[in-house]
Structure formats: structure tokens, C-alpha cells
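Reviewing the structure listed below.
Nothing here was measured: the structure is a model prediction, and the numbers come from that model.
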Amino acid sequence: MAASTDLVLYLRQASSSRQVQTADWTGRTIPRQDTALGAALNGTPSPRGYLTSHRPDSDVIAVAVPLIDHSGQIVAAISINAPAYRTTESDIERYGPALMRHATAISTALGAPAHLTGR
């Protein structure tokens, strides 16, 4: 099957140790459009540095940031998915910067130029 640029593939997922968890999506795809991961992969700018989505067909809020390689290209994205009914704006404001720190570390390990990682 040919790869589609309209889809996002989940390569790996880590589950929370809390009672409420999302299903394991490893190996599954989601639409790229109108998702936080898709926006991160597209390089959609955000004043906060991270992207969020809460699609009407989902009970999950997603927060995502891109990962950048040595050539300065976005090659992947990381995200946090949380149940919408128990995720506040304060939670999102904690998740976004935490993801950005992890993305900077991963992108740096991939050789990303410093000016693209905020270092």
C-alpha cells in the first residue's frame, strides 16, 4: 500500500499510569487534516509553539509539536492525548511546554540546527 500524505501514522505510544487511558494507536493512522499531529507535521505556526486539537468526532484533546532533523526538515511529531472531559486549559499549558522541551532534546539529537529548536 502506498503511503498517503493525508494520514498520520502512530509509530509508538506510551500509556499513562493513571486509570483513564486512551486506546493503543501504534500502527494505526488518523487524518492529517484538523489534528494537532497533522498541524505539527505541516509546520503550521503557533504563537505558543505547540498545537492543539479537539475534533468533534473524538473525546480526546491532543497537544503536539514537530521534530526536526539535521537538514532542518520536520520528520515526525510527538503529542500528548488526554480525555477532553478532564483536561483543562491549565493542563494544556503544562503539556505544551513539556512537549516542547522533549522535542528540542530529540531534535537536537537528530542534529537539528539550533535556530530551529530554540536553543
Closest non-hydrogen contact found for P97 with Y50 is CD-CE2, 3.9 Å

As a quick check of understanding, evaluate side-chain contact (heavy atoms from CB on, under 4.5 Å) for I30 and W25, giving each step before the final call. CA-CA 9 Å; I30 62 168; W25 283 68; 3.2 Å; yes

Do M100 and L37 sit in one hydrophobic cluster, given that two such residues count as connected whenever their side-chain heavy atoms are within less than 4.5 Å of each other, even indirectly? no

Do L99 and I68 belong to the same hydrophobic cluster, where Ile, Leu, Val, Met, Phe, Trp and Tyr are linked whenever their side-chain heavy atoms lie under 4.5 Å apart, directly or via other members? no

Qualifying salt bridge (Lys or Arg N to Asp or Glu O under 4.0 Å) pairs, either residue in residues 92-108, two or more places apart: D91-R94

Return yes if a side-chain donor-acceptor contact under 3.5 Å exists between N42 and T44, otherwise no. no

With L41, which residues qualify under side chain to side chain contact (heavy atoms under 4.5 Å, CB included), at least two apart? V8, R32, I74, A77

Is T104 reaching over with its side chain to a backbone N or O of T117, donor-acceptor style, under 3.5 angstrom? yes

Shared ILVMFWY cluster between V75 and I78, side chains joined below 4.5 angstrom? yes

For I61, give me all partners under side chain to side chain contact (heavy atoms under 4.5 Å, CB included), at least two apart in sequence or on another chain. H54, A84, T87, I92

For A36, the side chain to side chain contact (heavy atoms under 4.5 Å, CB included) test, sequence neighbours excluded, returns S53, A62, A64

Can you see whether N81 engages Y95 through a side-chain donor-acceptor pair at a distance of less than 3.5 angstrom? no

Apply side chain to side chain contact (heavy atoms under 4.5 Å, CB included) to S90 and list each qualifying residue two or more places apart in sequence or on a separate chain. T88

I need the H70 NE2 to L116 CG distance, nearest 0.5 Å. 12.5 Å

For residues 36-54, the salt bridge (Lys or Arg N to Asp or Glu O under 4.0 Å) pairs (sequence neighbours left out) are R48-E89

Closest non-hydrogen atom pair between G49 and V65, with its separation: O-CG1, 3.7 Å

